[in-house]
Amino acid sequence: MADAGGPRGRLGALLAVMCAALALVVGAGSSLALALPALARDTGATQTELTWAVNAYALTFAALLLPLGIAADRFGRRGALLSGLAVFAACSAASGLVDDPTALVVLRGLAGAGAAAVMPATLSVLVDAYPPQRRASAIGVWAAVSGAGALLGLLLAGVLLEVAWWGSVQVTFGALSALVALLCLVVVPPSRNPDLPLDPLGGLLALLGLGALAWGIIEGPERGWTDATTLVALTAGTLCLAAFTGHEWRTAHPMLDVRLFRDRGLTAGSAAVFLQFFAAFGLFFLAPQWLQYVHALTPLQAALCLAPMALGIGPTAQVAPVLMRRLGARAVAAWGLGQMAVGLVLLARQADGAAPLWQFGAALFVFGAGFGLALTPGTALILEGLPADRRTLAAAVNDVTREVGGALGGAVAASVLLAVYRDDVHPVVAALPQRAATWAESGVAQAYAVAAREGRAGAAVAAGARDAFGAGYATALVVGAAVLLAGAVLSGLLAPPPARRAGASRRPSSAPVVVPARHPVISVAPASTAVPTRRLPRGLEAAAAAVLVLGVIGGVALVTEVVSSAAH
């Protein structure tokens, strides 16, 4: 029998390699946002094409995460890791060497598919390899890397962009992934569960629905919201997602059991996680560009300016479980989402670039502190909303709602930005030749290029484009704040109140550990107990939620119109 140090060393190496693979696929989603200004200058990509370059990765990642995770468990986790890393490495490296925006978008989408195979497999491998007494610790490390990966990707990109071209970010991620794949050959043992059923139709409907919906959202500002193609895409996406829901309800082996959402806690937690990442990924997409375009920072300076977010997330994520024991998950989730909304409003007020950057850091700290507060209770509501024997699939809901929320959040933020930018920059460039004016309206990088050719008159074009970008940035952040406030109210309406036991204080809500779909549950959360609570009738709850959502949508449209009109 091997000595104790041998197995511990092998497990430590396995944990390090799995976390490295996870950090790469998570960091790749955010790193390109920092390179967008350089990418636009070098390739001539419009703002819409830049949006697709980022969101093609996020969309395929989100849509394929669950089906590829189940396939990895069934056919072999080691093979899924190696195949996913190979696809991710090849497509990432290739995307850094192209100069055609369309080719970049395609390669980024394929890289997202590879990442979708990698992320769930990393956790599955750890759950399968670690003994029960050490499993929770390993999964805690995995979860920490999952949360920090986006900021690590931005910092790595900032360093690379100081010394090399925009494509160096993609090439580096590809090279590092190839190295990690070689390490996987050495440290990852083969494992699989051949009895797991697949749901290919559900996976296809989810991919088509999310893809069509995002296409309509991203292309809407450029083609027009009443354009037939835009309307067809939005309608097709909605119908596909409705068909996905119906299929998952009826099939004997659903990829995502939608019946789980009859539970109030699961529904509230899913809404909180979805809206939290919807707003956060919109900020991740916009803030690096704003810092470079409006404040003229270098990529590395921009990345460092985002560090206060991590300073806010870390402490409050540790405090959140303590607050949950005193206040309950419902109150802490609403508090965190509301504080995130305050942070976005503070950031929007600085959109013109007149305020010093320390105020940007302070607002970002407020946002990050709210993010840390909302993160744990949102996941706790999902995992604790069901009996223990159903929490495996509930854990998968947490991953999917997070990734889908982030993908759609980035698309909506970019769409709002471009819609306001085009309206506001049009009067500035109206006197230019038609071709130059159209080019300047397609993105701020293009407007700067036009301004550079216009001599003395170009200064007004550059200033107008910068102001228009700031107005679009502010409006997108206000939209995100409205979404977060809606999430705070929904948490209060839908989430069950803290459970009470006779003669005892509120039931402790330990921070849960997220586990992959279809695995035995590994969670430090206590088992759910049936506690009678007072609640509104389901019909009244649904009506209140519907009125709130419609009010938010109408408010977002009104705010967008008012901000755009005021800028004129």
Side-chain angles (χ1 to χ4, degrees), residues 1-26 28 61 64-92 110-143 145-146 149 174-200 203 253 255 392-393 395-396 399 513-523:
M1 184 174 181
D3 62 281
R8 282 184 176 272
R10 287 194 295 271
L11 288 177
L14 181 65
L15 178 61
V17 173
M18 293 302 94
C19 287
L22 176 66
L24 286 171
V25 299
V26 172
F61 194 169
L64 297 176
L65 182 63
L66 193 53
L68 289 185
I70 296 173
D73 284 344
R74 176 172 178 173
F75 296 113
R77 300 170 187 114
R78 186 170 185 260
L81 265 174
L82 294 174
S83 300
L85 283 169
V87 171
F88 176 80
C91 294
S92 294
L110 293 173
V118 172
M119 183 178 180
T122 58
L123 187 51
S124 298
V125 165
L126 293 176
V127 170
D128 188 74
Y130 267 77
Q133 64 272 22
R134 299 182 58 193
R135 198 172 289 156
S137 175
I139 295 174
V141 174
W142 182 95
V145 173
S146 174
L176 292 175
S177 300
L179 176 60
V180 171
L182 293 176
L183 294 175
C184 287
L185 282 172
V186 178
V187 303
V188 177
S191 63
R192 67 191 183 100
N193 183 354
D195 297 327
L196 283 177
L198 300 177
D199 182 15
H253 302 291
M255 181 180 72
T392 296
L393 193 53
D399 292 339
V513 178
V514 179
V515 298
R518 317 284 178 153
H519 268 300
V521 177
I522 307 300
S523 174

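Numbering starts at 1 and runs along the sequence shown. Just so you know, these numbers use all the heavy atoms, side chains as well, and skip hydrogens, waters and symmetry mates.
Contacts classified as side chain to side chain donor-acceptor pair (under 3.5 Å) and involving residues 111-123 (residues at least two apart or in different chains) are given here: Thr122-Trp142.
The two residues Ala89 and Gly174 come nearest to each other via the heavy atoms CB-O, 3.3 Å. Closest of all the heavy-atom pairs between Val180 and Ala20 is CG2-CB, 4.1 Å.
In terms of the side chain to side chain contact (heavy atoms under 4.5 Å, CB included) criterion, residue partners of Leu183 (sequence neighbours excluded) are, by chain and number, Val17. The side chain to side chain contact (heavy atoms under 4.5 Å, CB included) check on Ala113 picks up Leu64, with sequence neighbours excluded. Residues passing the side chain to side chain contact (heavy atoms under 4.5 Å, CB included) test with Ala129 are Leu11, Leu14, sequence neighbours excluded. In this view, Phe88 satisfies the ring-ring contact (aromatic ring centres under 6.0 Å, His included) rule with no residue, not counting sequence neighbours.
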Identify each donor-acceptor pair in which a side-chain atom of residues 78-87 lies under 3.5 Å from a protein atom, sequence neighbours left out, and give them as a table.
from	atom 1	to	atom 2	distance (Å)
Arg78	NE	Val188	O	2.8
Arg78	NH2	Leu185	O	2.8
Ser83	OG	Gly79	O	2.9

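In this structure, CG in Leu126 is found 6.5 Å from SG in Cys19, a value given to the nearest 0.5 Å. Rounded to the nearest 0.5 angstrom, Met119 CE and Leu65 CG are separated by 6.0 Å. The structure places CZ of Arg10 at 15.0 Å from CG of Leu15, a figure rounded to the nearest 0.5 Å.
Between Leu182 and Val186, the closest side-chain pair of non-hydrogen atoms is not below 4.5 Å.
Put simply, the residue from Val125, Leu123, Val145 that forms a side chain to side chain contact (heavy atoms under 4.5 Å, CB included) with Met18 is Val125.
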